[in-house]
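Contents: one structure, followed by commentary.
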Number of protein chains: 2
Amino acid sequence: MTSTRGYHHGDLRRVLLAAAVEVIEESGSAALSLRDLARRAGVSHAAPAHHFGDRAGLLTALAVQGFDLLAEALHAAGTDLLDVGVAYVDFAVGHRAHFEVMFHPDLYRADDPEIRAARARSGRALHAGVAALAQARPGTRQDDAMAAWSIVHGFATLWLAGALPAGLGDDPGEAARAVTRRLFTPPPGP
Amino acid sequence: MTSTRGYHHGDLRRVLLAAAVEVIEESGSAALSLRDLARRAGVSHAAPAHHFGDRAGLLTALAVQGFDLLAEALHAAGTDLLDVGVAYVDFAVGHRAHFEVMFHPDLYRADDPEIRAARARSGRALHAGVAALAQARPGTRQDDAMAAWSIVHGFATLWLAGALPAGLGDDPGEAARAVTRRLFTPPPGP
DNA sequence: GGGCAATCTTGACGATGACAAGATTCTGTC
DNA sequence: GACAGAATCTTGTCATCGTCAAGATTGCCC
């Protein structure tokens, strides 16, 4: 119970980031406030500033965390591009707070060195799937990489925005699999 | 000059929406503030409330505007799905403020009847392209529609987030055309 | 011309972000 | 064990914001 705690929380940075995820998942990034996070963590309103500097600093840390979690998820998915794509969608839906912040660079310090490094790590993980495809299918071009990334990112974003029509089922990964499969097996042509 | 103006601006609603687009394009939706928009329009801080009720009300109006502009852009693109896809990307990049707000329903009143109607209009325009494809290519399924929407939406979102690698050129429409073409002509298989 | 709606202005309050000054706790060194 | 300094907080303040209320002004319709 924090009432017995003095001036040293001990794990405040992690608790604040977890609280931020909770608030963003409930109400979106616009509803995030440092004072609210401080209350939820049981500390004074200025305590978060020591760990993050300011609101943008906290969101920078959240984005770094997100890019690293994404890299891990993509690595774990193996090298089949369809599996990597599904893992991307699963990540986006399972970590909607991180995902929302990651792709809104105006919310954080996009030129922060940690962000750049984390982005590079997830970028490499993303391209591992494309590299495997290029190996299996000579002739694969950069456009194919862009198409693969675009389709899974688009699907994830539309799912999270609640823009997709009903009938796709409850499993975003499975729905994404059916949709992204189209990239490789187009409808019968004329 | 507003200094000769009394209590009746005459066109305040439109001016506030235009100012909102400007601010969001410059600094993102998080930077939007009603007081700042009022200052830019040369009125008092409470004037916007008469037209929009509150901040979410203004963003609702902006989203409605966006869905309608999208519907118009898609109708103007004709029925070739590739052209419709490119028009979608051109719309997103050319109206980045509207696009950002449209796909963040936590910023506005998603259950507002005007929003629902506007969404339906742009949804119909989007599906006109898919319907044309289905006519030209029997066997087209809902997955194809989702794939088409996902790929252009994903490309647009990634482009706007500055996440795509350099080398795609300066024309988002042309870059999107090359990428979305992959949906219909996949790389040579094994 | 008058009444009412529309469209503003002024003022106030609570919440926020950011900053400053200071208090407490922890850690490392001697 | 003591001390110094870093780390980690607390308290307070200020400017800005969103929202609400009360009131002033203007436009429109009968």
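Only a predicted model underlies this, so the values are computations on that prediction, with no experimental measurement involved. Just so it is clear: chains get the letters A, B, ... in the order the sequence lines come, proteins before strands, and each one is counted from 1.
- Annotation: proximity of residues 52-61 of chain A to DNA chain D (heavy atom, distance under 4.0 Å) is found for no residue.
- Not a single salt bridge (Lys or Arg N to Asp or Glu O under 4.0 Å) links Arg124(A) to another residue, sequence neighbours left out.
- Evaluation of the ring pair (Phe, Tyr, Trp, His ring centres under 6.0 Å) rule for His104(B) yields His104(A) as partners, not counting sequence neighbours.
- Place Ala46(A) and Arg39(B) on DNA chain D by their nearest nucleotides, and Ala46(A) ends up nearer the 5' end.
- Here the shortest heavy-atom pairing between Met102(B) and Arg119(B) reads O-NH2, 4.5 Å.
- Taking all atoms of both residues into account, the shortest heavy-atom contact from His75(B) to Ala125(B) is NE2-CB, 3.9 Å.
- Between its two ends, the helix from dG1(C)-dC30(D) to dC30(C)-dG1(D) turns its axis by 10°, counting five pairs per end and rounding to 10 degrees.
- Listed by first then second residue, pairs satisfying side-chain hydrogen bond (donor to acceptor under 3.5 Å, both in side chains) with a partner in residues 54-67 of chain A read Asp54(A)-Arg109(A), Gln65(A)-His98(A), not counting sequence neighbours.
- In summary, contact between chain A and DNA chain D, defined as any nucleotide atom under 4.0 Å from a heavy atom of the protein, begins and ends at dA7(D) to dT13(D) in the 5' to 3' direction.
- Using a 4.0 Å heavy-atom cutoff across all strands shown, His8(A) reaches sugar-phosphate atoms only and no base atom.
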Dump every N/O contact between nucleotides 12-14 of chain C and the protein below 3.5 Å, one line per pair.
{"from": "dA12(C)", "atom 1": "N6", "to": "Arg35(B)", "atom 2": "NH2", "distance (Å)": "3.1"}

Go through the steps for Asp68(A) and Arg121(A) under the test salt bridge (charged side-chain N to carboxylate O under 4.0 Å, His left out), then give the verdict. CA-CA 7 Å; Asp68(A) 281 341; Arg121(A) 291 193 287 276; 2.8 Å; yes
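- For Ala76(A), there are no side chain to side chain contact (heavy atoms under 4.5 Å, CB included) partners at least two apart in sequence or on another chain.
- Residue-level contact check: Ser33(B) touches the backbone only, with heavy atoms under 4.0 Å from sugar-phosphate atoms and none from bases.
- The CG-P distance, from Asp36(A) to dA18(C), rounds to 15 Å in whole Å.
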Would you mind writing out the side-chain donor-acceptor pairs for residues 15-31 of chain A within the sub-3.5 Å range, not counting sequence neighbours?
{"from": "Glu22(A)", "atom 1": "OE2", "to": "Arg40(A)", "atom 2": "NH1", "distance (Å)": "3.3"}
{"from": "Ser29(A)", "atom 1": "OG", "to": "Glu100(A)", "atom 2": "OE2", "distance (Å)": "2.7"}

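- Between His9(A) atom NE2 and dT24(C) atom C1' the separation is 16 Å, expressed in whole Å.
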Identify all side-chain donor-acceptor contacts of residues 159-175 of chain A below 3.5 Å with residues at least two apart in sequence or on another chain.
{"from": "Asp171(A)", "atom 1": "OD1", "to": "Gly173(A)", "atom 2": "N", "distance (Å)": "2.9"}
{"from": "Asp171(A)", "atom 1": "OD1", "to": "Glu174(A)", "atom 2": "N", "distance (Å)": "3.3"}

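- The aromatic rings of Phe103(B) and Tyr88(B) lie tilted to each other, with the angle between the two planes from 30° to 60°.
- Partners of Phe67(B) under the ring pair (Phe, Tyr, Trp, His ring centres under 6.0 Å) rule, at least two apart in sequence or in another chain, do not exist in this structure.
- Applying the side chain to side chain contact (heavy atoms under 4.5 Å, CB included) criterion to Ala46(B), with sequence neighbours excluded, gives no partner residue.
- If you measure from atom CG of Leu12(A) to atom C1' of dT24(C), you get 15 Å, rounded to the nearest angstrom.
- Minimum interatomic distance between Val179(A) and Ser150(B) (heavy atoms only, all atoms of both residues): CG1-OG, 4.1 Å.
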